[in-house]
Amino acid sequence: MNPLVVGNWKMNLDLTEAYVLSGRIATGVGSVGGTDVVLCPPNSFIFAINEYLKAKPTNLYLGCQNTMYEDEGAYTGETSLKMLKPIVKFAIIGHSERRRIFSEDDALINKKLKYILDNLVTPILCVGEKDRYQLEEYYEHEVKKMSAEGGMLRQIELAVKGIDKQKLRGLVIAYEPIWAIGTNNAATGAYAAAICYIIRNFLVEKFGSEIADEIRILYGGSVSSGQTREFMLQPSIDGLLVGGASLKAKEFIEIVKISAEVKSGRKF
Ligand code: PGA
């Protein structure tokens, strides 16, 4: 499967800035082959950006940063996929900021995951730990902790609860350690690779390798172009979820180019 680079703009920019950024990125990534790129602007800009980009490159998709789990109803302030679906192909859920600031719990994320899959949109399920796992000293113990209450594997387990595994083909899991998000203190390639490998093994055990092979695992948390090679050289990492650096066109395009080069061996 193609590597995947996702830009999560969070709640940033005004409309003019969003046009400029999306336009520059569309031009910059259009010639980068074999890599899927997703822009996740604030929901309120999605339709305008889609119009603005009209002839988007085929490897560039739009995604939303969140969705309600029903099409319509008395949910003040929410947006559903019924509204966004004509345009968005991906939907982020379970981001640590939603879990922390908006108290989204695993049960809610499970509802959203079901809803997104029913709408044939690709979910980008975010999971991650608050405090760095001490894999170097306590490997077995820390892996056990991942499956216990509040652990990173437990978050995956609860998110997919009750979902037919056949529906999970194409799912994207973004491993985002909370201690690395927005801190300029990304995990090392080795650390991120170890955790993504643990996630991969967990998926193989739970769903079988045929389905697990169709699930992409991304790393996210203070990703920059400087560290992109280090992450993408890891066989267990299929792509990146980029926050702050996705707001800078040149930097984001560089991240996409390096990702494509490392995974395909071609120069862009
Ligand atoms: P960051 O954000 O790259 O700014 O750390 C990543 C994210 O929160 O998705």
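Indexing begins at 1, ligand by ligand and atom by atom, following the structure's order. Computed from a predicted model, the values in this text were never measured in an experiment. Throughout, residue positions are numbered sequentially from 1 according to the sequence presented.
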Which of the atoms in ligand 1, numbered in the order shown and given with their element, are less than 4.0 Å from a heavy-atom of [X]?
X: G244; answer: 1 (P), 3 (O), 4 (O)
X: E176; answer: 6 (C), 7 (C), 8 (O), 9 (O)
X: S222; answer: 1 (P), 3 (O), 5 (O)
X: N8; answer: 9 (O)
X: H95; answer: 7 (C), 8 (O), 9 (O)

Are [X] and [Y] close enough that a side-chain donor and a side-chain acceptor fall under 3.5 Å?
X: Q65; Y: W9; value: no
X: N110; Y: K161; value: no
X: N119; Y: K82; value: no

Legend entry - Shortest reach to atom 5 (O) of ligand 1 by a heavy atom, considering only G243, S96, G182: G182
Legend entry - Under 3.5 Å: N/O of G221 near N/O of ligand 1: no
Legend entry - Any N or O of T183 closer than 3.5 Å to N or O of ligand 1: no
Inset, instruction - Supply the atom-to-atom distance D36 CG to S259 OG, rounded to the nearest 0.5 angstrom. - result: 11.5 Å
Inset, instruction - Determine the interplanar angle of the F231 and Y219 rings, folded into 0 to 90°, and report it as parallel if under 30°, tilted if 30 to 60°, perpendicular if over 60°. - result: parallel
Legend entry - Cationic N near anionic O, under 4.0 Å, E149 to K145: no
